[in-house]
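Written below as structure tokens is the structure these notes are about.
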Amino acid sequence: MQTTKNQTLKIHNSLSGKKEIFKPINEGHIGMYVCGPTVYSNVHLGNCRTFMSFDMIFRYFKLLGYKVRYVRNITDAGHLVDDADDGEDKIAKKARLEQLEPMEVVQRYTVDFHNILEKFNFLPPSIEPTATGHIIEQIEIIKDILEKGFAYEVNGSVYFDVNIFNKSHEYGKLSGRKLEDMISNTRELAAQSEKRSPQDFALWKKAEPEHIMRWPSPWGDGFPGWHLECTAMSTKYLGETFDIHGGGMDLKFPHHECEIAQAEACNGHSPVNYWLHANMLTLNGKKMAKSTGNSILPNEIFTGENPFLSKAFSPSVVRFFMMQAHYTSILDISNDALLASEKGYNKLMEAIDNLEKIPTKNTSSFDFKAWQQQCYDAMNDDFNSPILIAKLFEAVKQINLIREEKESITEEDKSILTETLHSFVFDVLGLENRNNTNDGSKKLEGVVELLIELRKEARENKDFATSDKIRNQLAEMGIELKDGKDGTTFNI
RNA sequence: GGCAUUGUGGCCGAGUGGCUAGGCAGAGCUCUGCAAAAGCUUGUACAGCGGUUCGAAUCCGCUCGAUGCCUCCA
């Protein structure tokens with residue numbers, strides 16, 4: 001990929017609100033941190049979209065030849081149910097409700113998370129650290145922030161003092177908020193708050209005696225605040241300043257704003273060069289969230305067991321559906337949209353299957369080198385996967401025309417086409433070909449091919465009763481025969 | 001109320017100050033014993049009102065609507 005490697009890649013940076021030319025801190029290397037899930041319930045499809053967007057970005061960086069250290073954490077402690085003083089840890093609450101040891105909750109939903117991601121053909125991140133595995137690092141950061149005067153201790157809890165911080169730094173620069181506005185717009189909190197200001201956020205929370213998740217600290221037994229874990233883990237594995245921080249749009253405020261504040265309080269400079277935010281997946285025009293019940297679980301899509309769905313859809317179809325929208329756009333999921341994506345996806349895979357068979361000539365009637373460049377251009381423009389897919393369908397059209405000998409392709413162009421198509425479809429978009437065969441289905445294929453052969457003979461003898469019987473009975477079993485120009489193909 | 005994002009044809013969804021997005025559906029055609037599938041061709045659009053401009057759906061302003069955040073959320 002010598003011709004493509006040195007091109008400029010533009011990324012929409014949420015911090016500036018603009019597309020910027022991407023320049024890694026260390027040439028050829030990228031450090032990327034993405035906020036992972038809080039493992040207190042099954043991962044829903046909206047979560048998956050965010051992680052899939054960053055999976056695609058990770059994959060594209062790899063195609064460009066970058067060495068990427070991709071850190072995606074697991075939040076297994078510290079995520080408060082609310083910000084009031086009786087804020088309870090999400091994991092601990094779930095454990096109490098289900099009468100489980102907190103780590104049983106964590107284990108159960110971490111396993112679920114990994115299972116789903118594997119079905120969606122995610123690449124594993126380079127490091128997947130957990131909050132509970134980094135309590136010591138978090139305590140060290142709190143000590144540092146306290147020493148520098150940006151936090152205060154009250155009754156075994158430690159809070160970040162946003163007002164003091166804002167005197168020397170700019171709190172709210174990521175989300176476009178001004179502290180003064182926030183103060184005047186804050187809703188009334190419980191009167192007995194121990195925080196000096198409602199905008200302050202917890203770095204360490206004291207654990208009441210009934211709390212099960214607790215760790216010793218200089219301020220007594222307690223647990224870390226949610227925002228702190230990401231600062232601790234990103235700093236540990238990627239350094240005080242790293243290239244890319246990603247997450248869902250909904251984390252912009254307060255989570256990412258607080259991360260910036262914590263890191264700047266410690267190190268005096270901004271922790272991240274490029275902030276990327278993936279937009280929401282909506283269902284019925286509303287945000288998908290476990291807390292409101294407006295959600296579809298991935299497994300419900302794979303089985304079709306959801307009132308919104310008329311049938312089951314494969315993980316690759318769902319992936320293709322999501323990749324047809326830009327990661328910064330809101331995407332609304334519906335049965336119709338999935339059906340349309342399924343057809344498009346099948347068409348794309350069909351063309352890739354036919355690619356090997358297309359004949360080559362002395363000349364090409366289409367500029368495949370320019371087309372290849374356009375694929376890279378699409379991705380170089382803030383990872384524009386919808387444009388990339390439009391380009392892929394241009395190739396599909398060419399493949400079909402070449403098959404009908406209305407267009408031609410040289411041997412050299414054919415290998416460019418094959419390589420590019422495989423790189424983008426499988427390596428970058430992460431799609432899988434639907435005809436993934438195992439031993440059992442190989443045998444089945446053999447049987448179907450035999451029946452197709454028998455049916456062909458029957459048709460040649462004008463014995464249409466027999467040929468239709470074979471076709472109809474196979475159809476009943478869900479095997480679809482398609483009579484094409486050069487023989488019959490089938491779908492199971 | 002504040003901040004942010006956004007409003008594109010029947011549906012999903014890109015993009016751009018003047019030149020085709022793409023997919024699905026629809027229509028026409030080809031192939032075919034029939035059917036299905038597949039392939040080719042193809043119409044319809046940029047929320048409303050003002051402004052800037054030779055020219056705007058694309059820039060600016062206002063209005064209306066949608067979504068997110070402002071207490072947890074990818």
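Convention: sequence-line order gives letters A, B, ...; per-chain numbering from 1. Note that the structure is predicted; figures quoted are calculated from it, not measured.
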(request) Rounded to whole angstrom, note down the C1' distance from B/U53 over to B/U58. (result) 13 Å
(message) Starting the side chain at C-beta, find the nucleotide from B/A74, B/G13, B/G39 nearest to A/Leu281.
(response) B/A74
(message) Tell me if the NZ atom of A/Lys369 is crowded by more than 12 foreign heavy atoms within 6.0 Å.
(response) no
(message) Does A/Leu401 reach a base, just sugar-phosphate, or nothing at all? Heavy atoms under 4.0 Å.
(response) sugar-phosphate
(request) Could you give the distance separating B/U20 and B/U5 at their C1' atoms, to the nearest angstrom? (result) 29 Å
(message) Side chain of A/Ile387 only, heavy atoms from C-beta on: which candidate in B/C40, B/C34, B/G15 is closest?
(response) B/G15
(request) Choose from B/C34, B/G13, B/C70 the nucleotide whose nearest atom is closest to any side-chain atom of A/Arg459. (result) B/C34
(request) Identify whether any heavy atom of A/Asp468 sits under 4.0 Å from a base atom; if not, whether one sits that close to sugar-phosphate; answer base, sugar-phosphate or nothing. (result) base
(request) Report the base-pairing partner of B/A4 (Watson-Crick or G-U wobble, both distances below 3.5 angstrom), or none. (result) B/U67
(request) Answer with yes or no whether the side chains of A/Asn73 and A/Tyr33 bring together a donor and an acceptor at under 3.5 Å. (result) yes
(request) Check the distance between B/G22's C1' and A/Gln398's CD and give it to me in whole angstrom. (result) 15 Å
(request) Between A/Lys19 and A/Arg455, just flag the one whose closest nucleotide in RNA chain B comes earlier from the 5' side. (result) A/Lys19
(message) What's A/Phe253 touching, base or sugar-phosphate or nothing? Going by heavy atoms closer than 4.0 Å.
(response) sugar-phosphate
(message) Any strand counts, and the cut-off is 3.5 Å on both contacts for Watson-Crick or G-U wobble. Which nucleotide pairs with B/C49?
(response) B/G61
(message) So A/Arg49, base contact, sugar-phosphate only, or nothing? Heavy-atom distance under 4.0 Å.
(response) nothing
(message) Taking NZ in A/Lys361 as the centre, count heavy atoms belonging to other residues, nucleotides or ligands within less than 6.0 Å. Is the count above 12?
(response) yes
(request) May I ask you to evaluate whether A/Thr38 reaches the phosphate of B/C72, defined as a side-chain N or O under 4.0 Å from OP1 or OP2? (result) no
(request) For the residue pair A/Leu421 and A/Leu392, establish whether any side-chain heavy-atom pair is separated by less than 4.5 Å. (result) yes
(message) Of the listed nucleotides (B/G13, B/C34, B/C69), which one gets closest to any side-chain atom of A/Asp250?
(response) B/C69
(message) Can you measure A/Met322 atom CE to B/C12 atom C1' for me and round it to whole angstrom units?
(response) 14 Å
(message) Any base atoms under 4.0 Å from A/Gly46, or only sugar-phosphate, or nothing? Heavy atoms, all strands.
(response) base
(request) Could you pick out which residue, A/Ala325 or A/Cys48, lies toward the 5' side of RNA chain B when each is mapped onto its nearest nucleotide? (result) A/Ala325
(request) State yes or no: are the ring centers of A/Phe120 and A/Phe302 separated by less than 6.0 Å? (result) yes
(message) Expressed as a whole number of angstroms, how long is the span from A/His255:NE2 to B/A74:C1'?
(response) 11 Å
(request) Tell which nucleotide pairs with B/C29, taking only Watson-Crick or G-U wobble pairs whose two distances are both under 3.5 angstrom. (result) B/G39
(request) Please work out whether the ring planes of A/His245 and A/His256 are parallel, tilted or perpendicular, with thresholds of 30° and 60°. (result) perpendicular
Which atoms of nucleotides 23-27 of chain B (N or O only) lie under 3.5 Å from a protein N or O atom, and what are those distances?
| residue | atom | partner | partner atom | Å |
| --- | --- | --- | --- | --- |
| B/A25 | OP1 | A/Lys343 | NZ | 2.7 |

For nucleotides 3-8 of chain B, print each protein N/O atom paired with a nucleotide N/O atom at under 3.5 Å, atom names and distance only.
| residue | atom | partner | partner atom | Å |
| --- | --- | --- | --- | --- |
| B/C3 | O2' | A/Ser175 | O | 2.8 |
| B/C3 | O2' | A/Gly176 | O | 3.1 |

Which atom pairs, one a donor and one an acceptor, fall under 3.5 Å between side chains of residues 451-460 of chain A and the rest of the protein, sequence neighbours left out?
| residue | atom | partner | partner atom | Å |
| --- | --- | --- | --- | --- |
| A/Arg455 | NE | A/Ser467 | O | 3.2 |
| A/Arg455 | NH1 | A/Asp483 | OD1 | 3.2 |
| A/Arg455 | NH2 | A/Asp483 | OD2 | 3.0 |

(message) Quiz question: going by heavy-atom distance under 3.5 Å, is there a donor-acceptor pair between the base of B/G33 and the side chain of A/Ser467?
(response) yes
(request) Find out whether the Lys NZ or Arg CZ of A/Lys397 is both under 6.0 angstrom from the six-membered ring centre of A/Phe393 and within 45° of the ring's axis. (result) no
(request) For A/Lys178, report the nucleic acid contact type (base, sugar-phosphate, nothing); a contact means any heavy atom under 4.0 Å. (result) nothing
(request) Please assess A/Asp55 against A/Arg59 for the test salt bridge (Lys or Arg N to Asp or Glu O under 4.0 Å), listing each intermediate value before the final yes or no. (result) CA-CA 6 Å; A/Asp55 185 61; A/Arg59 285 164 171 274; 2.9 Å; yes
(request) May I ask you to check whether A/Phe61 and A/Phe22 place their ring centres under 6.0 Å from each other? (result) yes
(request) Send over the distance from A/His12 NE2 to B/A14 P, rounded to a whole Å. (result) 14 Å
(message) Rounding to an integer number of angstrom, what distance separates B/U42 and B/A21 when you compare their P atoms?
(response) 12 Å
(request) Could you work out the separation of B/G18 and B/A57 based on their P atoms and round it to a whole Å? (result) 11 Å
(request) Could you give the distance separating B/G51 and B/U41 at their P atoms, to the nearest angstrom? (result) 42 Å
(request) With a 3.5 angstrom cut-off on both distances, give the Watson-Crick or G-U wobble partner of B/G18, or none if there isn't one. (result) B/C54
(message) Could you check, using the six-membered ring where one of them is a Trp, whether A/Phe113 and A/Phe51 have ring centers closer than 6.0 angstrom?
(response) yes
(request) Using the C1' atom as the reference point in each nucleotide, state the distance between B/A38 and B/A74 in Å, no decimals. (result) 39 Å
(message) Tell me which one of A/Lys195, A/Arg196, A/Lys205 satisfies side chain to side chain donor-acceptor pair (under 3.5 Å) with A/Tyr159.
(response) A/Lys205
(request) Could you give the distance separating B/U44 and B/G9 at their C1' atoms, to the nearest angstrom? (result) 5 Å
(request) Counting heavy atoms from C-beta on, name the nucleotide in B/A14, B/C12, B/G39 closest to the side chain of A/Asn400. (result) B/G39
(request) Check if the side chain of A/Arg403 and the base of B/C40 share a donor-acceptor pair of N or O atoms closer than 3.5 Å. (result) no
(message) Give me the distance, rounded to whole Å, that separates B/A47 from B/G65 when you measure between the C1' atoms they each carry.
(response) 8 Å
(message) Going by purine N1 to pyrimidine N3 plus the second Watson-Crick contact, or the G-U wobble pair, all under 3.5 Å, which nucleotide sits opposite B/G10?
(response) B/C24
